[in-house]
Amino acid sequence: MTQHMKYPSAFIGMIQLMQKFHTLSPFFISRLQDLVTYPVYRKGDIVQHYRETQSTLLFIHSGVMSEKTVKENPRGINTTWFWDDGDAVFTSPGIFSGKPSEAIIEALETCECIGLSAYNLAILKHEFRETEQIIECLRDQHIRKRLQHTMDMRLGTFRQTKRLYEARPRLFEVSAKSLLADFLNMDPDTFARNLKRLKG
């Protein structure tokens, strides 16, 4: 991971995301700009290791990250989520619990991000009470996306593949087919046939 110059468009993107949930004052925006960092992760970088406590809330300006969760089952590690442009990276338990996560987060390509450390997030919460509402809304949005994915798993395998392909085409450009098949809890051969059918 390297630390690069600031990306104004990245910060603007984060502000636009937050403003979907609350009107932000110029004072809030100015203070937030003082508190964030601009980390860049390279392909293959482990953003968060297994049993590591999430110490920074990340917003992805560009790039794709995967979440692999360690579970006690025959497969051991499952691909449980992907984040891409415009997403806030939440794990469970995450930055708010202070507890170690079962997740491994990996950059699947170069990822330009904005980071807000737990310490600086606490400062922002103390100075601006709307911070709590904004973060809760972001987290609720993420939880709803995960619930929708769980519901989609009830569909037939082709419909699952089609829905993901149409909703998040970027994943199919940078993610290994094995990761996508695992994410859909699908046999790799079945996934490959579905993808071939989609592409004609």
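Quick note: numbers below take in every heavy atom, side chains included, and nothing from hydrogens, waters or symmetry partners.
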For Ala181 and Pro188 the tightest heavy-atom approach is CB-CA, 4.0 Å

Inset, instruction - Determine, stepwise, if the pair Phe128 / His22 fulfils side-chain contact (heavy atoms from CB on, under 4.5 Å). - result: CA-CA 12 Å; Phe128 299 91; His22 197 286; over 6 Å; no

Closest non-hydrogen atoms of Leu58 and Cys113, given as atom of the first, atom of the second and distance, are CD2-CB, 4.2 Å

Electrostatic pair Asp84-Arg170, nearest N-O below 4.0 angstrom: no

Given side-chain contact (heavy atoms from CB on, under 4.5 Å), test Leu32 with Met14 step by step and report yes or no.
CA-CA 10 Å; Leu32 179 62; Met14 183 178 69; 3.4 Å; yes

**OP:** Please tell me if the side chains of Val47 and Val89 come closer than 4.5 Å, counting only heavy atoms from C-beta onward.
**Re:** no

task = Could you check if a side-chain atom of Ser101 sits within less than 4.5 angstrom of a side-chain atom of Gln48, using non-hydrogen atoms only?
result = yes

Quick check: is Met153 connected to Leu147 through a chain of hydrophobic side chains (ILVMFWY, heavy atoms under 4.5 Å apart)?
no

Check for a donor-acceptor pair, side chain of Gln160 on one end and backbone N or O of Leu155 on the other, with a separation under 3.5 Å. yes

Side-chain contact test, heavy atoms from C-beta onward, threshold under 4.5 Å: evaluate it for Trp83 versus Ile105 and give yes or no. yes

Minimal heavy-atom distance between Arg146 and Phe90, with the atoms involved, is NH2-O, 3.6 Å

- Query: Are Trp81 and Met151 co-members of a hydrophobic cluster defined by side-chain heavy atoms under 4.5 Å apart?
  - Reply: no

Residues Ala103 and Thr91: closest non-hydrogen pair is CB-CG2, 4.3 Å

* Residue pair Leu57 / Ile135, side-chain heavy-atom distance below 4.5 Å -> yes

Checklist entry - Is there a path from Met18 to Ile143 through hydrophobic residues (I, L, V, M, F, W, Y) whose side chains come within less than 4.5 Å of each other? => result no

Result for side-chain hydrogen bond (donor to acceptor under 3.5 Å, both in side chains) between Glu166 and one of Arg168, Arg163, Lys162 points to Lys162

Could you tell me whether Lys125 atom NZ has more than 12 heavy atoms of other residues or ligands within 6.0 Å of it?
yes

ask   = So do the side chains of Met65 and Tyr41 get within less than 4.5 Å of each other, counting heavy atoms only?
value = yes

In short, Leu24 meets Ile134 closest at the heavy-atom pair CD2-CD1, 3.4 Å

Here the pair of heavy atoms bringing Gly86 nearest to Leu17 is O-CD2, 3.5 Å

Practice prompt. Please step through side-chain contact (heavy atoms from CB on, under 4.5 Å) for the pair Thr157 and Leu184, ending with a clear verdict.
Written response: CA-CA 8 Å; Thr157 62; Leu184 296 173; over 6 Å; no

Would you say the ring centers of Tyr38 and His61 fall short of 6.0 Å from each other? no

query = Tell me, do Thr37 and Asn120 make a side-chain contact under 4.5 Å, heavy atoms counted?
reply = no

Using side-chain heavy atoms (C-beta onward) and a distance below 4.5 Å, is Leu180 in contact with Phe82? yes

Would you say Asp182's side chain and Thr79's backbone share a donor-acceptor pair under 3.5 angstrom? yes

**Study point:** Trace of the side-chain contact (heavy atoms from CB on, under 4.5 Å) decision for Asp140 with Phe21
**Key:** CA-CA 11 Å; Asp140 287 347; Phe21 308 109; over 6 Å; no

Checking Thr80 against Glu67: is there a side-chain donor and acceptor pair closer than 3.5 Å? yes

For Arg159, does the CZ atom sit with more than 12 other heavy atoms under 6.0 Å from it, leaving out its own atoms?
-> no

Side chain Ser175, main chain Leu171, donor-acceptor under 3.5 Å:
yes

* With a 4.5 Å limit on heavy-atom distance, are the side chains of Phe183 and Leu164 in contact? -> yes

Test ring-ring contact (aromatic ring centres under 6.0 Å, His included), reference Tyr165, set Phe191, Phe172, Phe158, output is Phe172

